[in-house]
Amino acid sequence: MHPIAAVQNEYSLLYRKDGEETLRTTRELGIALVAYAPLGRSMLSGAVRAKADVPEGDRRLAHPRFQGENLDRNLELVAKLEKIGRRRSAPSGSSCSPGCWRKARTSSRFRDQAQAARGRESSLPLK
């Protein structure tokens, strides 16, 4: 049996609750958490400003986050994050992904084991 090396879970500045619970467990076990949809299914990219920005037939339209008052509230949150980004001269979305990456990176124990198994240094800086 091979040990679990990584777990993938949705994780972004908008949707962290489940990811935080998973992250706590993966850290304890030395397992990497791979962030799925770190830009909030494109909402944090600046590409979605209204429901009309999501093409008809797109499966995101079936997701509660992209419907009615939920979409309005999420877009308000995005506007607040964009305001923070502008104060830091960061383009939309770029102020979100590095933080998600740093938060979800692997533990040093896992990195060391993975590097030893591959017999070489990791190509990604996982500090």
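Please read these numbers as outputs of a predicted model, since none were measured by experiment.
- Nearest heavy-atom pair across Pro38 and Ser12 is O-CB, 3.1 Å.
- Clustering ILVMFWY residues whenever any of their side-chain heavy atoms sit less than 4.5 angstrom apart, transitively, puts Leu29 in the very cluster that holds Val7.
- Atom CD of Glu20 and atom CG of Leu33 lie 9.5 Å apart (nearest 0.5 Å).
- You'll find the side chain of Lys83 stays beyond 4.5 Å of the side chain of Lys80, heavy atoms only.
- Contact detail for Ile31 and Ile4: the closest heavy-atom pair is CG1-O, 3.6 Å.
- Between the CG atom of Asn74 and the CD atom of Gln67 there is a distance of 11.5 Å, given to the nearest 0.5 Å.
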Evaluation steps, side chain to side chain contact (heavy atoms under 4.5 Å, CB included), between Arg65 and Leu14
CA-CA 10 Å; Arg65 296 172 191 161; Leu14 288 177; over 6 Å; no

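- With rounding to the nearest 0.5 Å, the separation of CG in Leu81 from CZ in Arg86 is 10.5 Å.
- Side-chain atoms of Asp53 come within 3.5 Å of backbone N or O of Arg49 as a donor-acceptor pair.
- In the hydrophobic cluster analysis, where Ile, Leu, Val, Met, Phe, Trp and Tyr join through side-chain heavy atoms closer than 4.5 angstrom, Met43 is grouped together with Leu61.
- The side-chain heavy atoms of Phe66 and Val48, taken from C-beta on, include a pair separated by under 4.5 Å.
- Of the possible donor and acceptor atoms, none in the side chain of Glu10 sits under 3.5 Å from a partner among the backbone N and O of Gly19.
- Transitive grouping of hydrophobic side chains (ILVMFWY, heavy atoms separated by less than 4.5 Å) brings Leu77 and Tyr15 into a common cluster.
- Put simply, the residue from Asp18, Thr26, Val34, Leu23 that forms a side-chain contact (heavy atoms from CB on, under 4.5 Å) with Asn9 is Asp18.
- With Arg60 contributing its side chain and Val54 its backbone, the two residues share no donor-acceptor pair below 3.5 Å.
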